[in-house]
There are 2 protein chains.
Amino acid sequence: MVTLEDVARQAGVSLATASRVLNGSTRQVGAALRARVEQAADELGYRANIAAQTLARGASNVIGIVVHDLTDPYFAALADGAMRAAATEGLLVMVGTTHRDPEQEIAYVATLNAQRVRAVLLVGSRVADPAVTGRLRDELARYQAGGGRAACVGQDLLGVDTVAPANRQGAAELARALAGLGHTRFAVLAGPPHLVTAADRCAGFVEALEELGLPAPQVIHGPFDRDGGYAAASQAGDATCVFAVNDVMAVGALAAYRERGVRVPDDVSVAGFDDIVTLRDHVPALTTVRLPLKDMGARALELALGEGDPAVVEQVAGEVVLRESVRRMT
Amino acid sequence: MVTLEDVARQAGVSLATASRVLNGSTRQVGAALRARVEQAADELGYRANIAAQTLARGASNVIGIVVHDLTDPYFAALADGAMRAAATEGLLVMVGTTHRDPEQEIAYVATLNAQRVRAVLLVGSRVADPAVTGRLRDELARYQAGGGRAACVGQDLLGVDTVAPANRQGAAELARALAGLGHTRFAVLAGPPHLVTAADRCAGFVEALEELGLPAPQVIHGPFDRDGGYAAASQAGDATCVFAVNDVMAVGALAAYRERGVRVPDDVSVAGFDDIVTLRDHVPALTTVRLPLKDMGARALELALGEGDPAVVEQVAGEVVLRESVRRMT
DNA sequence: ACCTCCTAGGAAAGCGGTTTCCAAGTCTGC
DNA sequence: GCAGACTTGGAAACCGCTTTCCTAGGAGGT
């Protein structure tokens, strides 16, 4: 590899001058030398060694994003939002996927700390296990002690800047909207009990029904993905309306009903949560709670990069979107 | 930040010993000292500075993946495959998205070169512009000259290891299958003419029809995404069967037809390409050409990491999957 | 006992940059 | 024409870690 020293030698200048010309500096360099250096760099095909720059400058230009699963469009949208924001700041992005293993998340924080990334974004639901959360907090604290910045999209459980979707309220509004259509017997495809996002959405829904004086819904737990929705739908009893705690599960549920000849929304109404863009052409169109995922990702990055000393928590409201997957009861 | 020197001092050993204990080495360290070092590191919350390690070792443990658009499930699947493979090798991943701008791709190669990443994966279609391709090749050559490894998922236009989906053959087989159902009047929602993947799929389809002695299809160009498919579908004439060069476009086309009251497959048959998993619950189920995207991503990483000196090109066959979005003509 | 060979530990030289600190030269203003 | 203030270029320290090279001590062989 060609180094800055090679360039300096070829241009007949000192290392310092070459560095100032090529890699930015407050200092001026005379036009003649500048030209010589630039030509030398070009001839030699010089590329600065960023590891060396990072070491010397004591600051890196990369950020880390940790998501649960990139192939889940929910995370893809959040990550994309954050990555666009990062790109406008001239930052590079390291992406880690945990495949929903909280231990992996902790490990990634450690690794990203070792990389001395400028900021790390933890994207995705927290889990309800205090031991795991505690260890993650410790790891984050260690990172922050070294000057690292962190933010989270999910729940405010880590003591860092957080973009928190209003899962409870969104689910509650959805419940009221569905109740407003005349439904009274509900089921919730609730996802895993330990996933806070799933639990919050479920709880918000259940509470709203209670406030409305409606019977408690049947709550069916299972995986948080398409197949989880598919499986859970098969266990739903005589509900007229089924709430899957995310869109991907809802699509699984719709598939299950379709296979069994249950018509949606005629026989049963189905609603999801998130308003995943890739699914907007689904038939029947999914009633859901829209979350501005890209904005949330971008906002999380802003927060992480920002100076705010006390961790800020931003609630993001969801918007109920009624579409054809639900019907009015007559 | 806590440095290795801090740890060494606290443990009362030399830097060398601390390094050997904490960051791996061929050399043995006595149990007593080892324990002291580990305890000191733990007490101080030491995390190795990877920038420094990279510099000292002259080799990094990160790879770069450049994709067009992470929110497109096609790229998400490919990237996920590659990332899983990377994880098993203990490699970290930097992801760059070009948003379909070839200049961005070139810029990323330069940046990843500067990062001295172990390998870079260029995921996604090449463009038919020789000037752009030439500049990208130059940048890759510069990277490889410094010992960098590269691979591509797409077309063999870069002189690097390549995983090449058999777009022409896949499209041709699809054409024969559709013709076998009795269709004779086709339209192709062909995507952008300069995108090689789109062009290949279109060409393979057109050629196969020609070989079958069928009339040439109507070819409609447009963007390579959902909205492109939507728009293009609106311009299709009296074809009984429409081939969208990727699934996402096909879904857009289906949406357009649905809105216009055109029934699929009764009034028109629609086929796509890729077999995107997220779309497998679409109604009507999409006829398509299945590509093993995750495997392709993983394979590309293997190739990039492998030693093979002459660049290897691996064709990946697609498999025609007939589903309900097409009908047999009677 | 004595010599050789191996081993564990430490000193120090890089890795490729950035940046401080100097020195020399160039402009000002009077 | 000269002191003083700016510029510009270079030497060298330093960023945090790895690794080579050296040394001293211990094990093993005879």
Side-chain angles (χ1 to χ4, degrees), chain A residues 1-38 40-41 44-62 111 113-118 143 146-148, chain B residues 1-38 40-41 44-62 111 113-118 143 146-148:
Chain A
M1 281 266 41
V2 13
T3 72
L4 189 59
E5 194 173 353
D6 299 334
V7 175
R9 192 176 322 116
Q10 164 115 350
V13 302
S14 75
L15 243 189
T17 301
S19 171
R20 297 200 259 253
V21 170
L22 295 175
N23 300 325
S25 157
T26 51
R27 291 267 309 256
Q28 294 290 317
V29 173
L33 289 194
R34 162 173 296 275
R36 291 227 310 270
V37 171
E38 275 165 352
L44 267 35
Y46 171 72
R47 285 276 174 260
N49 181 328
I50 301 220
Q53 282 189 327
T54 300
L55 182 56
R57 295 211 247 249
S60 106
N61 65 154
V62 359
T111 304
N113 184 0
Q115 295 278 348
R116 300 293 189 278
V117 297
R118 263 254 262 292
Y143 169 60
Chain B
M1 282 265 42
V2 180
T3 72
L4 189 60
E5 193 173 353
D6 299 335
V7 175
R9 192 177 320 118
Q10 165 113 349
V13 302
S14 75
L15 242 189
T17 301
S19 170
R20 298 201 257 254
V21 170
L22 296 175
N23 301 323
S25 158
T26 52
R27 292 266 311 255
Q28 294 289 317
V29 172
L33 290 195
R34 163 174 295 276
R36 290 227 310 269
V37 171
E38 275 166 353
L44 266 35
Y46 171 73
R47 286 278 175 256
N49 181 327
I50 300 221
Q53 282 189 330
T54 299
L55 183 57
R57 294 211 247 247
S60 107
N61 66 152
V62 359
T111 304
N113 184 0
Q115 295 277 348
R116 300 294 188 276
V117 296
R118 263 253 262 292
Y143 169 59

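Below, chains carry the letters A, B, ... as their sequence lines are ordered, and counting in each starts from 1.
Residue A:Gly30 is classed as a sugar-phosphate contact, given heavy-atom separations below 4.0 Å to backbone atoms only. Contacts of B:Ala48 with the nucleic acid, taken as non-hydrogen atoms under 4.0 Å apart, involve only primed sugar atoms and P, OP1 or OP2. A:Leu33 comes within contact range of the sugar-phosphate backbone alone, with a heavy-atom separation under 4.0 Å but no base atom that close.
Projected onto DNA chain C by closest heavy-atom contact, B:Ala52 and B:Val29 fall at different nucleotides, the more 5' of which corresponds to B:Val29. Nearer the 5' end of DNA chain C, as judged by each residue's closest nucleotide, is the contact made by B:Gly12, out of B:Gly12 and A:Glu5.
With sequence neighbours left out, the salt bridge (Lys or Arg N to Asp or Glu O under 4.0 Å) criterion links B:Arg34 to B:Glu38. Legend: residues meeting side chain to side chain contact (heavy atoms under 4.5 Å, CB included) with B:Ala56, ordered by chain and number and at least two apart, are absent. Scanning for side chain to side chain contact (heavy atoms under 4.5 Å, CB included) contacts around A:Ala114 gives B:Ile50, with sequence neighbours left out. With sequence neighbours excluded, the residues that form a salt bridge (Lys or Arg N to Asp or Glu O under 4.0 Å) with B:Arg47 are A:Glu139. B:Leu55 is linked by a side chain to side chain contact (heavy atoms under 4.5 Å, CB included) to A:Asn49, A:Ala52, A:Leu55, counting only residues two or more places apart in sequence or in another chain. The side chain to side chain contact (heavy atoms under 4.5 Å, CB included) test applied to A:Thr111 returns B:Leu92, not counting sequence neighbours.
Residues A:Arg36 and A:Val13 have side chains in contact (heavy-atom distance under 4.5 Å, counting atoms from C-beta outward). Side-chain contact between B:Val37 and B:Val29 is absent, with no heavy atoms from C-beta onward closer than 4.5 Å.
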Nucleotides 19-25 of chain C: which of its N/O atoms have a protein N/O under 3.5 Å away?
residue, atom, partner, partner atom, Å
C:dT20, O4, A:Arg20, NH1, 3.4
C:dC21, N4, A:Arg27, NH1, 3.3

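Of all nucleotides in DNA chain D, those with any atom nearer than 4.0 Å to a heavy atom of chain A start and finish, going 5' to 3', at D:dT8 to D:dG16.
Rounded to whole Å, the distance from CZ on B:Arg9 to C1' on C:dG10 is 16 Å. Between B:Leu4 atom CG and C:dA11 atom P there is a gap of 14 Å when expressed in whole angstrom units. With rounding to whole Å, B:Ile50 atom CD1 is found 18 Å from C:dG16 atom C1'. Regarding B:Arg34, its CZ atom lies at a distance of 13 Å from the C1' atom of C:dG9, rounded to whole Å. In this structure, A:Asp6 atom CG and C:dG17 atom C1' are separated by 13 Å, rounded to whole Å.
Listed by first and then second residue, the side-chain hydrogen bond (donor to acceptor under 3.5 Å, both in side chains) pairs involving residues 7-21 of chain A are A:Gln10-A:Glu43, A:Ser14-A:Thr17 (not counting sequence neighbours).
For C:dG10, one of the phosphate oxygens OP1 or OP2 lies less than 4.0 angstrom from a side-chain nitrogen or oxygen of B:Ser14.
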